[in-house]
Amino acid sequence: MSHTSEPHAAALQSNASAARSTTVSSVLIWLGVALFAVGLLSILVTFAVPLFHWRLSAAFYYLAMMAPAGMVIGVIGALASGRRVRN
């Protein structure tokens, strides 16, 4: 009787780890998208400000660095979500 319950327990454990990795990867993807959007918006503001002869805070230049960071985090999340759990 113990032989039938062991595969079931292993399947439950693999399903739990798959759900956990899906949650982490989806959070990474959404974090990457958000950081990329903030960086892209900052880049657009940085290019638009000289048209109006305004002075720009240095914070926008630092926020512009969020675009590549968001891209890297999003790619890591996408790669993590694409991995299948092996039995």
Side-chain angles (χ1 to χ4, degrees):
M1 200 179 266
S2 64
H3 295 288
T4 58
S5 64
E6 288 176 10
H8 182 66
L12 288 177
Q13 184 180 7
S14 68
N15 287 341
S17 65
R20 184 175 42 243
S21 68
T22 302
T23 304
V24 170
S25 62
S26 63
V27 168
L28 283 176
I29 290 173
W30 281 109
L31 179 66
V33 167
L35 289 176
F36 186 77
V38 167
L40 194 61
L41 183 64
S42 179
I43 290 170
L44 292 175
V45 167
T46 302
F47 282 117
V49 163
L51 297 174
F52 300 107
H53 304 289
W54 295 338
R55 294 200 40 93
L56 188 64
S57 171
F60 283 98
Y61 296 113
Y62 295 123
L63 285 174
M65 289 185 252
M66 293 296 160
M71 177 69 81
V72 169
I73 291 172
V75 166
I76 289 171
L79 289 174
S81 70
R83 298 186 79 174
R84 291 189 297 175
V85 177
R86 293 184 183 174
N87 291 331

Do any pairs count as a ring-ring contact (aromatic ring centres under 6.0 Å, His included) and have a residue in residues 29-48, sequence neighbours left out, and if so which ones? none
Residues in side-chain contact (heavy atoms from CB on, under 4.5 Å) contact with Val27, at least two apart in sequence or another chain: none
Give a yes or no on whether Leu35 and Val72 share a hydrophobic cluster (residues Ile, Leu, Val, Met, Phe, Trp, Tyr; joining criterion: side-chain heavy atoms under 4.5 Å apart). yes
Is the side chain of Ser42 donor-acceptor paired with the backbone N or O of Val38 at a distance under 3.5 Å, no angle test? no
Closest non-hydrogen atoms of Ala78 and Ile29, given as atom of the first, atom of the second and distance, are N-CG1, 3.7 Å
Side-chain donor-acceptor pairs under 3.5 Å in residues 53-68, sequence neighbours left out?
{"unit_1": "Ser57", "atom_1": "OG", "unit_2": "Ala59", "atom_2": "N", "d": "3.2"}

List for me each residue that meets side-chain contact (heavy atoms from CB on, under 4.5 Å) alongside Leu79, sequence neighbours excluded, and say none if there are none. Val75
